[in-house]
Amino acid sequence: MVGKLFGTTGIRGTANDFLTPEFCSNIAYVFGNYVREKFNAKNVLVGMDPRTSSDMIKHAVISGLLSAGCDVYDSGITPVPSIQYAVKEKIYKFDVGIMITGSHIPIDRNGLKFFMPNGNEVYGKIEEEIEELYFSGKFKRVLWNEIGKIYTADAGKIYKEMLLKEGVKVDKENGLKIVVDTGHGAQSKIMPFVLRELGHKVITLNAQMDGFFPGRPSEPDKKNLENLIKVVNALNADLGMAFDGDGDRSIFVDDKGEYIMGDMIGATIADHLMKEGDFVVTGISTSAIIDYVAEKHKGKVIRTKVGAADVVGAIMENNAIFGFEENGGSIFPKINLGREGGLTAVKILKILHDKKKKLSEIIAEYPKFYQIKEKIQCRDELKNKLTLAIKEKIKESKESKYKNTKIDETDGIKILFSDGWILFRPSWTEPIYRIFAEGKSESRTAELIEFGRKIANEALKGLIC
Ligand code: MG
């Protein structure tokens, strides 16, 4: 077993600490060398988010790639899905891609994502092979006359054209009033313009790209979108939408100023796309609302580990029509093999247009599920032990109040009750352990999370003592 570099998604760490120019150059070299041998790939499309460290990391990455004999197409600041789309479509012969992005994580950190020739993120066995090559330290740099060249590219332009093609253009009188919070991220240069070109009236928030994120943190969760909710209410807007820093996730606020869970948006789109017998893929932590939708279409829900690459892997294995994550990342495999913040927004607008309804009216048509998400502090080295200890505690509890439950161990431990579930899952990007609960009523959900919290704390106590 060699060292581990990849987490749930790509390689992440503190800029200029773990992610030094030396490390970034070397890992880019390893990737470049790997894709040349494995896929006969030479042309690497490179993009970045607007973080303060992204420029430094990008230049190190480019040097590493050139030293492996790859040619680099530098796209500057651009959303992640634009890189994946341009690679998948083979426009201008981009073979593979690298994105420098910290996505939604704290501002002092950053990360690297690597994309294969089909546009999907590197995952599983390929991650291990890249790690093995990196830790072997056997770097065979190319000769002076084989060093690669740098060109400029505009993945954002290609992406924008796709979004306009997939969207519905409306007349001025049918245009919606939309408040768009791009969170100082890469979608600032794409989405407001796409929405205007589709005929909508657009009001922007935090639309200047800025690695200090002065307006709000990059994670589009409810507490970070208070301003968006206020502006939607104050302007009596039809819709609010927000993106994370690298633009692969989008979250929506309805015409009543309600924050809509990512699960609900995913289920709404699935309902729109699914035909009888279709498969849809989502992570273990997603709401049971998708089971309701799939049942309606006599289809099937496939649940995977949490992480976009796992969801995409299962989409391809099962020829699924659609996939999504509860955090607002939806995947439309016919168009792009990665999470698609922009395409999700365009598709939601299409659904509103087709149904001639407001988002609040569409959401009200579905049964309501209640969720509570909590986390406890837990060091990485304790996480696997904690999972085992929780399992033991559940076995003990099953003897009394929690009989006849099913356990799913796809990722962490999920206890399935007839009227809800609890998920215990270690995070591999932060020193925390997550506890989620879902029920059909507020009181049942509170009861479930209390039970989950109690079990996790007791199990953790046993490990520390
Ligand atoms: Mg992201």
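All residue numbers in this chain count up from 1 along the given sequence. Both ligands and their constituent atoms are indexed starting at 1 by order of listing. Keep in mind it's a predicted model, so treat the numbers as computed, not measured.
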Legend entry - Flag for Asn110-Ser53: side-chain donor and acceptor within less than 3.5 Å: yes
Inset, instruction - Check whether the side chains of Asp244 and Ser218 place a donor and an acceptor atom closer than 3.5 Å, and report yes or no. - result: no
Inset, instruction - Quickly, which of Tyr123, Trp428, Phe114 forms a side-chain contact (heavy atoms from CB on, under 4.5 Å) with Phe6? Name it, please. - result: Phe114
Inset, instruction - Give the atom name of whichever N/O/S atom in Asp248 sits closest to the Mg ion (ligand 1). - result: OD1
Inset, instruction - For the Mg ion (ligand 1), find the closest N/O/S atom belonging to Asp244 and write down its atom name. - result: OD2
Inset, instruction - Tell me which N, O or S atom of Asp246 sits nearest to the Mg ion (ligand 1). - result: OD1
Legend entry - Metal check, the Mg ion (ligand 1) vs Thr101 N/O/S, cut-off below 2.8 Å: no
Inset, instruction - Look at the aromatic rings of Tyr73 and Tyr151 and report parallel, tilted or perpendicular, splitting at 30° and 60°. - result: parallel
